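For reference, the structure discussed in these notes is given below.
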Amino acid sequence: ASQVNTQVFLDQVFTQCLTGEEQTALRNSVKTMVKEFNNAKNKQQYITELDKKAFDNDKTAAYFKTIKRYTMIGFFTSQEGETKASNYVKIPEGYKGEIPLDSNTLNYGKTTLQY
């Protein structure tokens with residue numbers, strides 16, 4: 001995601017869509033996360049556990065769910081995310097009401113991206 005500048009998208013969305021109070025809370029949560037991440041012996045396990053907490057509706061990790069969702073949106077709406085990480089269909093083409101799902105389907109299947 002960082003290779004397609006998703007962080008710029010996140011900065012813009014959070015600056016324009018969150019209140020000052022929400023931005024401060026998010027900033028403080030990220031500072032804590034970075035500190036804990038840097039101190040973690042197993043960084044992959046730390047992120048996995050944080051992700052699990054966030055999606056189990058642990059209020060202390062709610063910020064992570066927000067960041068993850070908007071990172072996914074930013075990436076999959078970028079040119080690279082749309083054309084290289086998904087089953088890109090050039091427009092204009094005929095309307096396809098249903099897209100067949102198979103083992104090669106990338107992002108038309110179920111995701112944890114919820115609104």
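No experiment lies behind these values; they were computed from the predicted model shown. For the numbers below, each heavy atom of this structure counts, side chains included, while hydrogens, waters and symmetry mates do not.
Considering all non-hydrogen atoms of both residues, A1 and F75 come closest at CA-CD1, 4.0 Å. Nearest heavy-atom pair, S78 versus V4, reported as atom, atom and distance to 0.1 Å: OG-CG2, 3.8 Å. Closest non-hydrogen pair, A54 versus A61, comes out as CB-O, 3.2 Å.
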Evaluate the side chain to side chain donor-acceptor pair (under 3.5 Å) criterion for residues N38 and K43: first the C-alpha distance (whole Å), next the side-chain angles of each, then the deciding distance (0.1 Å), finally the verdict. CA-CA 8 Å; N38 288 335; K43 295 181 183 337; 5.1 Å; no
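Note: I67 CD1 to L26 CG = 4.5 Å, rounded to the nearest 0.5 Å. With values rounded to the nearest 0.5 angstrom, E82 atom CD is found 9.5 Å from F76 atom CZ. The structure places OG1 of T15 at 8.0 Å from CD of Q12, a figure rounded to the nearest 0.5 Å.
Scanning for side-chain hydrogen bond (donor to acceptor under 3.5 Å, both in side chains) contacts around N39 gives an empty result, with sequence neighbours left out. In this view, D11 satisfies the side-chain hydrogen bond (donor to acceptor under 3.5 Å, both in side chains) rule with no residue, not counting sequence neighbours.
Side-chain contact between M33 and L50 is present, with heavy atoms from C-beta onward closer than 4.5 Å.
Every pair passing side chain to side chain donor-acceptor pair (under 3.5 Å) that includes a residue from residues 19-33 is listed here, sequence neighbours excluded: T19-E22. Residue pairs that meet the ring-ring contact (aromatic ring centres under 6.0 Å, His included) test with at least one member in residues 4-25, sequence neighbours left out, are F14-Y70. Applying the side chain to side chain donor-acceptor pair (under 3.5 Å) definition to pairs two or more places apart or across chains, those involving residues 47-56 are Q45-E49, D51-K68, K52-D56. Within the structure, ring-ring contact (aromatic ring centres under 6.0 Å, His included) contacts touching residues 22-46 (residues at least two apart or in different chains) do not occur.
Connection of L10 to L18 is established within a shared hydrophobic cluster, with ILVMFWY side chains joined at heavy-atom distances below 4.5 Å, either directly or through further cluster members.
Side-chain atoms of T83 come within 3.5 Å of backbone N or O of Q79 as a donor-acceptor pair.
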